[in-house]
Amino acid sequence: MNSDHYHRIWKTVQSVPSGKVASYGQIADLAGLPGRARLVGKALGYVPDNMQVPWYRILRSDGKIAFPAGSEDAVRQIGLLQQEDIVVLNHRVKLAQFQWQPDLAELLFKLEY
DNA sequence: ACCTTGACATTGG
DNA sequence: GCCAATGCCAAGG
């Protein structure tokens with residue numbers, strides 16, 4: 001395992017603003033780990049308690065919640081998204097309206113590696 | 001080293 | 001849009 005990768009993933013997720021969402025693959029790319037979307041999911045399962053990471057803003061590439069519909073995790077995630085006025089219908093978010101578009105500030109963030 | 005397991009993504013029907 | 005097949009890649013046995 002590579003905790004350096006995990007750390008980069010957590011930091012990248014922290015850059016997703018409230019009210020916006022991103023996909024696992026998008027986070028992997030921005031973290032400098034193209035092709036490793038699955039690693040993002042794994043990293044979000046090991047977020048340190050002391051760190052504040054908006055894991056719930058990360059969705060599948062088609063906007064669907066990754067957890068099984070009806071599961072406790074899914075219900076909690078949907079609740080948190082709705083607190084940020086993100087609309088969740090049929091277990092999915094309309095990316096066209098809520099997907100995060102990294103700006104120049106984020107590009108600078110990326111250059112730090 | 002081999003096999004299995006995912007909070008994934010893309011493509012084709 | 002749903003489903004199945006593939007490709008993918010790090011972790012853990």
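We name chains A, B, ... by the order of the sequence lines, and we start the count at 1 in each one. Hydrogens, waters and symmetry mates play no part in the numbers below; they use all other heavy atoms, side chains included. As the structure is a computational prediction, the values presented were derived from the model and not from experiment.
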Can you tell me how far [atom2] of [Y] sits from [atom1] of [X], rounded to the nearest 0.5 angstrom?
X      : Y      : atom1 : atom2 : result
L89(A) : I78(A) : CG    : CD1   : 10.0 Å
Y24(A) : I9(A)  : OH    : CD1   : 11.5 Å
Q99(A) : Q26(A) : CD    : CD    : 4.5 Å
Y56(A) : R76(A) : OH    : CZ    : 12.5 Å

Measure from the side chain of [X], starting at C-beta and using heavy atoms only, and say which of [options] lies closest.
X      : options                 : result
R38(A) : dA9(B), dA7(B), dC9(C)  : dC9(C)
K42(A) : dG6(B), dC9(C), dC8(B)  : dG6(B)
L39(A) : dC9(C), dC8(B), dA11(C) : dA11(C)

Rounded to the Å, how far apart are [X] [atom1] and [N] [atom2]?
X      : N       : atom1 : atom2 : value
Y24(A) : dA10(C) : OH    : P     : 18 Å
D4(A)  : dA10(C) : CG    : P     : 13 Å
I65(A) : dG6(B)  : CD1   : P     : 20 Å
L95(A) : dT10(B) : CG    : P     : 12 Å
Y46(A) : dT5(B)  : OH    : C1'   : 11 Å
Q26(A) : dA7(B)  : CD    : C1'   : 16 Å
D29(A) : dA9(B)  : CG    : C1'   : 11 Å
L80(A) : dA7(B)  : CG    : P     : 18 Å

Can you run through DNA chain C from 5' to 3' and write each base as (, ), [, ], | or . depending on how it pairs? Watson-Crick or G-U wobble, both distances under 3.5 Å.
-> .||||||.|||||
May I ask you to evaluate whether S61(A) reaches the phosphate of dT10(B), defined as a side-chain N or O under 4.0 Å from OP1 or OP2?
->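 Answer yes for this pair, as a side-chain N or O of S61(A) is under 4.0 Å from OP1 or OP2.
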Does a side-chain N or O from R60(A) land closer than 4.0 Å to OP1 or OP2 of dC8(B), or not?
->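 Indeed, a polar side-chain atom of R60(A) lies that close.
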With rounding to whole Å, what would you report as the distance between dT5(B) and dC8(C) at their C1' atoms?
-> 13 Å
C1'-based separation of dA1(B) from dG12(C) [nearest Å] =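 Those two atoms are separated by 14 Å.
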Donor-acceptor check, side chain of [X] to backbone of [Y], threshold 3.5 angstrom: yes or no?
X      : Y      : result
Q14(A) : Q52(A) : yes
H91(A) : G70(A) : no
N90(A) : R92(A) : no

Are any non-hydrogen side-chain atoms of W100(A) and L30(A) less than 4.5 angstrom apart?
-> yes
Given protein heavy atoms under 4.0 Å, the one-letter contact record of nucleotides 1-6 of chain C, with B base, S sugar-phosphate only and - none, is simply SS----
Is it true that V87(A) and L59(A) fall in one hydrophobic cluster, defined by side-chain heavy atoms closer than 4.5 Å?
-> yes
Any idea how Y46(A) and Y6(A) line up, ring-wise: parallel (<30°), tilted (30 to 60°), or perpendicular (>60°)?
->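 Answer is parallel, since the angle falls under 30°.
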